[in-house]
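See below for the structure under consideration.
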There are 2 protein chains.
Amino acid sequence: MSIHSLPIVSTARPPVPVMPSFVGDGFNRVRLVSLSTALPLAERDTLEPLSRRVSLDQKETLFSQDEPACSVFIVTSGALRLYRILPDGRRQVTGFAFPGDFLGLSMLDRFAVSADALGPVTACRFERLAFRNLVFGQPGLMMHLHEITGQELSRAKDMMMLLGRRTADERIASFLTGLQDRYVRIGRSSVTLELPMGRLDIADHLGLTIETVSRTLSRLDRDGCILIVPGGVRLIDQARLDRMSAH
Amino acid sequence: MSIHSLPIVSTARPPVPVMPSFVGDGFNRVRLVSLSTALPLAERDTLEPLSRRVSLDQKETLFSQDEPACSVFIVTSGALRLYRILPDGRRQVTGFAFPGDFLGLSMLDRFAVSADALGPVTACRFERLAFRNLVFGQPGLMMHLHEITGQELSRAKDMMMLLGRRTADERIASFLTGLQDRYVRIGRSSVTLELPMGRLDIADHLGLTIETVSRTLSRLDRDGCILIVPGGVRLIDQARLDRMSAH
DNA sequence: CGGGTGTTTGAAAGACGTCAACCAGAGTGG
DNA sequence: CCACTCTGGTTGACGTCTTTCAAACACCCG
């Protein structure tokens, strides 16, 4: 379900349209990439010719943990969950990927996580070796990609703090405001957040159970902090959410 | 301190065992570098004048979170704790740094964590800008540093799994075996582990309280799994610890 | 309308946290 | 040489937040 079809749409400012139909449209695809990762023009022009389009349906897997990493990806539409699983089935969702996000950028021999589609997904695929060779000749680009990895590392440390030291309420609030920030960065509505992932995904991301996630969201709704809508949530009391996220 | 002392361990794949005592031993340290991704002599000579030795006493701070990151460091002796704190004082120790570890390698504008010494520490310090400029001209070196950051990211995801989905017992066991692995890699005893950090540091690293850490260690001791000795622990039942760590 | 999947809600249980006391070793100083 | 204090670690009793178990609910789709 798209955000535009949500019953409640009357946001203060009209949400930036998310280019509804860029699939198969090379120009828009490139624009999307540049918008989200702030890749300089020269750099995206270098990368573009190497890319090949990939499409996934819901629940299809883009790659699996520990499988030889022979590709690097950039998400162009849709969303994916990134996760690891323990032998006994316990799962940790390390993050979610949205348009503009790189996958496999650290270019280790094997993927560090598994990735599968939360809904229809399109992505650009680069041959790892070709990508590597290209990047080798572009110190500026390589440094930029290194910076992106550094930011991911910083966010990973945020997650450690969240998982190690925050309460359920704080985790949920932090998750919502964090998602809001990411949506703003890729030009989506910042008031009504689409939640392409299920409650179980959120739970496995925040180190909680599905019941605790559901209960906490319900309570935030009752308290007038958020409004649960089909397919997402609407952030009502921004100030209180920010206070709870307490960075 | 010369570049020849850079303990760049080839981390691309199977951990290369590193000589037992390289601290203060110039010759062995040179060998260490030679084991890494062929750093041409010219490059080392270029990098050498950039490094300056730093010494810290126990509890002194090397750098603080959010302060402008104008340096990159390599630990040469001792150990540090890396952490973030919330406004209300809750702390998350994101990791510990040992000889050979880089600090500030992601080269963002500001440090992502604070770092202070668990005991006497020495490190090599590089001016961030000079380091950056040098690395710019050495794609192989830059790629290698990127790889190291990628591995740190992968370990961060291990931590997420640990913090989000594992029990106290598993966290402690995983911490001990993980430390063991790191010690092996830098050529230290792999049976009796020195614990340069206090119980509180361990607790804040594993998302537990000091009491839970103490209790869990005591129980593992009673069960004959480990032996608590002054300043560290001795791993007795390796098999059981590995099973508990359950990767 | 019925079945399947995903979400919500309630009651009970448990793992870990909190509070508080005690203990041990290392300095320190009389 | 032995109190004395300080810091860090251990242990116990109790409390609570989150989980677990269970059931109901809602929505989608054939």
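Every chain is numbered from 1 and lettered A, B, ... according to where its sequence line falls, protein lines coming before strand lines.
Of all nucleotides listed (dT18(D), dT8(C), dT20(D)), dT20(D) comes nearest to the side chain of T209(A). Among dT18(D), dT11(D), dC16(C), the nucleotide with an atom closest to any side-chain atom of A168(B) is dC16(C). The K59(A) side chain lies nearest to dG6(C) when the options are dT8(C), dG6(C), dA20(C). Comparing dT18(C), dA22(D), dT18(D) against the side chain of T212(A) picks out dT18(D) as the nearest. Listed nucleotides: dT18(D), dT9(C), dC19(C). Nearest to the side chain of E211(B): dC19(C). Of the candidates dC21(D), dT7(C), dT10(D), the closest approach to any side-chain atom of R199(B) belongs to dT10(D).
For the pair D169(A) CG and dC17(D) C1', the computed distance is 10 Å after rounding to whole Å. Note: CG (L208(B)) to P (dC17(D)) measures 18 Å, nearest angstrom. Across the protein-nucleic acid pair, L195(B) atom CG and dT10(D) atom P stand 10 Å apart, rounded to whole Å. Between the CG atom of L220(A) and the P atom of dT9(C) there is a distance of 12 Å, given to the nearest Å. For the pair R90(B) CZ and dC17(D) P, the interatomic distance rounds to 13 Å; values are reported in whole Å. Taking atom CD on E170(A) and atom P on dT18(D), their separation rounds to 9 Å, with Å as the unit. dT9(C) atom P lies 11 Å from atom CZ of R219(A), rounded to whole Å. Look at CD1 on I210(B): it is 15 Å from P on dC19(C), rounded to the nearest Å.
When heavy atoms are screened at a 4.0 angstrom cut-off, G231(B) is found touching no nucleic acid atom at all. Residue contacts shown for S218(B) are limited to sugar-phosphate atoms, with no base heavy atom under 4.0 Å away.
Judged by distance alone with a 3.5 Å cut-off, no donor-acceptor contact links the side chain of R222(A) to the base of dT9(C). A donor and an acceptor atom sit less than 3.5 Å apart, one in the side chain of R215(B) and one in the base of dG12(D).
Nearer the 5' end of DNA chain C, as judged by each residue's closest nucleotide, is the contact made by L217(A), out of R165(A) and L217(A).
Side-chain contact, S214(B) with R199(B): no donor N or O sits under 3.5 Å from an acceptor N or O. Between the side chains of S55(A) and T122(A), no donor-acceptor pair is found at a separation under 3.5 Å.
Counting heavy atoms from C-beta on, the side chains of F102(A) and I148(A) come closer than 4.5 Å.
A cation-pi arrangement is present between R91(A) and Y83(A) under the rule of less than 6.0 angstrom and at most 45 degrees off the ring axis. By the 6.0 Å and 45° rule, R125(B) does not stack over the aromatic ring of F73(B).
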